[in-house]
Asks: 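My structure is below; once you've seen it, I'll send some questions.
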Amino acid sequence: MRVGVLALQGDFALHAELLQGLGVDVLMVRRPGDFEPCDALVVPGGESTVLHRLLRINDMLDPLVEFAANKPLMGTCAGCILMATSLEDAGGVEPMGLIDITVRRNGYGRQVDSFEAQLTPVVEGFNSEEGAPCGVFIRAPRITRTGQGVEIVACYQQEPVAVRAGSHFALTFHPEVARDARWHDWWLRTL
Ligand code: GLN
């Protein structure tokens with residue numbers, strides 16, 4: 001399996017490292033033609049307004065939407081924002097509507113309000129043997145609504161922070177910063 005990592009902005013290198021650790025063939029995606037050879041794609045965290053602008057400038061928005069119509073996407077933080085149906089504080093970002101959720105982009109406040117929390121995945125097949133995963137929330141978005149058919153994968157204080165719809169998987173926190181490959185591993189095993 002060949003997994004692309006969108007490498008325009010944000011912490012794409014950490015995602016690539018984790019995926020390589022899982023024995024996955026990783027391809028950095030920087031141009032429109034880079035999507036084609038990938039079987040799945042990770043959209044990293046960073047800053048969604050910047051990421052969205054870079055996608056547009058590089059003519060990658062439509063190819064990304066086309067890719068996501070047929071292939072699985074995993075998005076963390078800014079990636080999750082781009083995958084939503086609607087945003088409460090869009091700031092110019094037009095989300096792709098891949099998972100029926102409403103997201104508040106800076107839902108927990110500003111950079112100084114970033115935090116870490118232990119999470120409890122509520123899905124089958126997640127490897128919890130090594131203990132509860134740590135969620136690193138950096139100027140994190142908040143999922144304020146989940147539509148029908150959206151499966152909740154993990155919660156923090158009763159709110160969903162990881163959700164799945166079909167083969168698309170979105171997390172509001174950064175598993176790659178916690179160096180925790182179990183989320184990627186779980187997602188890839190469900191495909
Ligand atoms: N809130 C940020 C945004 O709007 C996301 C922050 C992150 O990816 N760590 O993109």
Side-chain angles (χ1 to χ4, degrees), residues 3-6 10-12 14-19 21-22 24 40-48 51 68 71-88 93 95-109 113-191:
V3 180
V5 178
L6 188 64
D11 61 347
F12 49 84
L14 284 175
H15 277 286
E17 238 173 70
L18 286 192
L19 288 165
L22 291 173
V24 170
L41 183 79
V42 173
V43 181
E47 171 55 44
S48 56
L51 193 52
K71 305 268 180 73
L73 238 70
M74 171 177 174
T76 63
C77 210
C80 167
I81 292 170
L82 289 182
M83 291 171 77
T85 312
S86 55
L87 302 176
E88 288 185 16
V93 178
M96 294 186 287
L98 302 178
I99 299 184
D100 187 15
I101 50 174
T102 301
V103 168
R104 201 179 310 146
R105 269 198 317 121
N106 297 312
Y108 294 99
D113 302 310
S114 300
F115 61 97
E116 291 182 9
Q118 288 217 325
L119 302 174
T120 315
V122 290
V123 283
E124 276 192 25
F126 187 94
N127 172 14
S128 293
E129 278 160 29
E130 292 149 33
C134 173
V136 179
F137 294 81
I138 304 171
R139 212 158 30 81
R142 207 157 172 166
I143 298 170
T144 56
R145 181 195 63 87
T146 51
Q148 273 192 351
V150 176
E151 182 189 3
I152 292 168
V153 176
C155 284
Y156 166 66
Q157 293 186 337
Q158 273 87 54
E159 283 182 18
V161 291
V163 292
R164 178 172 66 164
S167 61
H168 296 320
F169 181 31
L171 308 87
T172 62
F173 55 95
H174 289 268
E176 73 288 359
V177 172
R179 304 288 201 278
D180 192 341
R182 288 178 290 173
W183 305 93
H184 300 70
D185 179 51
W186 174 78
W187 170 62
L188 291 172
R189 279 188 289 109
T190 62
L191 300 179

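Bear in mind that the values here come from a model prediction, so they are computed numbers and not experimental data.
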Asks: When you measure from the side chain of Thr85 to the backbone of Ile101, do you find a donor-acceptor pair of N or O atoms at a distance under 3.5 Å?
Replies: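 Yes, the answer is positive, given that a donor and an acceptor are paired below the 3.5 Å cut-off.
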Asks: Please examine the side chains of Thr76 and Pro175, heavy atoms only from C-beta on, and report whether any two atoms are closer than 4.5 Å.
Replies: yes
Asks: Does any non-hydrogen side-chain atom of Val43 lie less than 4.5 Å from one of Met83?
Replies: no
Asks: Using a strict cut-off of less than 4.0 Å between a Lys/Arg side-chain nitrogen and an Asp/Glu carboxylate oxygen, indicate whether Arg139 and Glu47 qualify as a salt bridge.
Replies: yes
Asks: Would you name the heavy atoms of Asp11 and Val177 that are closest together and state the gap between them?
Replies: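 Between these two residues, the closest heavy atoms are OD2-CG2, 3.7 Å.
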Asks: So does Glu124 get a backbone contact from the side chain of Trp186, meaning a donor-acceptor N/O pair under 3.5 Å?
Replies: yes
Asks: For Ser86 and Thr102, what are the C-alpha separation, side-chain angles and deciding distance, and is it a side chain to side chain donor-acceptor pair (under 3.5 Å)?
Replies: CA-CA 5 Å; Ser86 55; Thr102 301; 3.0 Å; yes
Asks: In sequence, state the C-alpha distance, the side-chain angles, and the governing distance for Trp187 and Val42, and then conclude on side-chain contact (heavy atoms from CB on, under 4.5 Å).
Replies: CA-CA 11 Å; Trp187 170 62; Val42 173; 4.0 Å; yes
Asks: With a 3.5 Å distance limit and no angle check, can you tell me whether His168 reaches the backbone of Ala68 through a side-chain donor-acceptor pair?
Replies: yes
Asks: Indicate yes or no: at least one non-hydrogen side-chain atom of Glu88 is less than 4.5 angstrom from one of Arg142.
Replies: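 When only atoms from C-beta onward are counted, Arg142 and Glu88 do not touch, as no gap falls below 4.5 Å.
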Asks: Is a donor on one side and an acceptor on the other found under 3.5 Å between the side chain of Arg182 and the backbone of Asn127?
Replies: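 Side chain of Arg182 to backbone of Asn127: a pair is present.
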Asks: How many angstroms lie between SG in Cys134 and CG in Asp180, if you round to the nearest 0.5 Å?
Replies: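 Between atom SG of Cys134 and atom CG of Asp180 there are 8.5 Å.
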Asks: Please name the pair of heavy atoms, one in Pro160 and one in Thr146, separated by the smallest distance, quoted to 0.1 Å.
Replies: CG-CG2, 4.0 Å
Asks: Only one of Asp185, Leu14, Leu188 passes side-chain contact (heavy atoms from CB on, under 4.5 Å) with Leu19; say which it is.
Replies: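 Between Leu19 and the candidates, side-chain contact (heavy atoms from CB on, under 4.5 Å) is satisfied uniquely by Leu188.
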Asks: What are the two closest heavy atoms between Pro95 and Ala84, and how far apart are they?
Replies: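 Result for this residue pair: CB-O, 3.2 Å.
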Asks: If I compare all heavy atoms of Ala140 with all of Cys77, which pair ends up nearest, and what's the gap?
Replies: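 Shortest heavy-atom contact: CA-SG, 4.1 Å.
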Asks: Flag the pair Tyr156 / Phe137 as yes when their ring centroid distance falls below 6.0 Å, and as no otherwise.
Replies: yes
Asks: Rounded at 0.5 Å granularity, tell me how far OH in Tyr108 sits from OG1 in Thr172.
Replies: 5.0 Å
Asks: Let me confirm one number: the CD1-CG distance from Ile81 to Leu51, rounded to the nearest 0.5 Å.
Replies: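 The CD1 atom of Ile81 sits 9.5 Å away from the CG atom of Leu51.
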Asks: Which pair of heavy atoms, one from Gly125 and one from Arg189, lies closest together, and at what distance?
Replies: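 Scanning both residues completely, I find the closest heavy atoms to be O-NH2, 3.0 Å.
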Asks: Does Trp183 form a side-chain contact (heavy atoms from CB on, under 4.5 Å) with Leu119? I'd like the steps, not just the answer.
Replies: CA-CA 12 Å; Trp183 305 93; Leu119 302 174; 4.2 Å; yes
Asks: In Å, rounded to the nearest 0.5 Å, how long is the span from CD of Glu176 to NE2 of His184?
Replies: 6.0 Å
Asks: Looking only at non-hydrogen atoms, find the nearest pair between Pro141 and Val103 and report the distance.
Replies: CB-CG1, 3.5 Å
Asks: When rounded to the nearest 0.5 angstrom, what is the spacing between CG in Asp100 and CZ in Arg145?
Replies: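 Reported value, rounded in 0.5 Å steps: 4.0 Å.
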Asks: Mind checking the CG-CG spacing from Leu87 to Leu82? Nearest 0.5 Å is all I need.
Replies: 8.5 Å
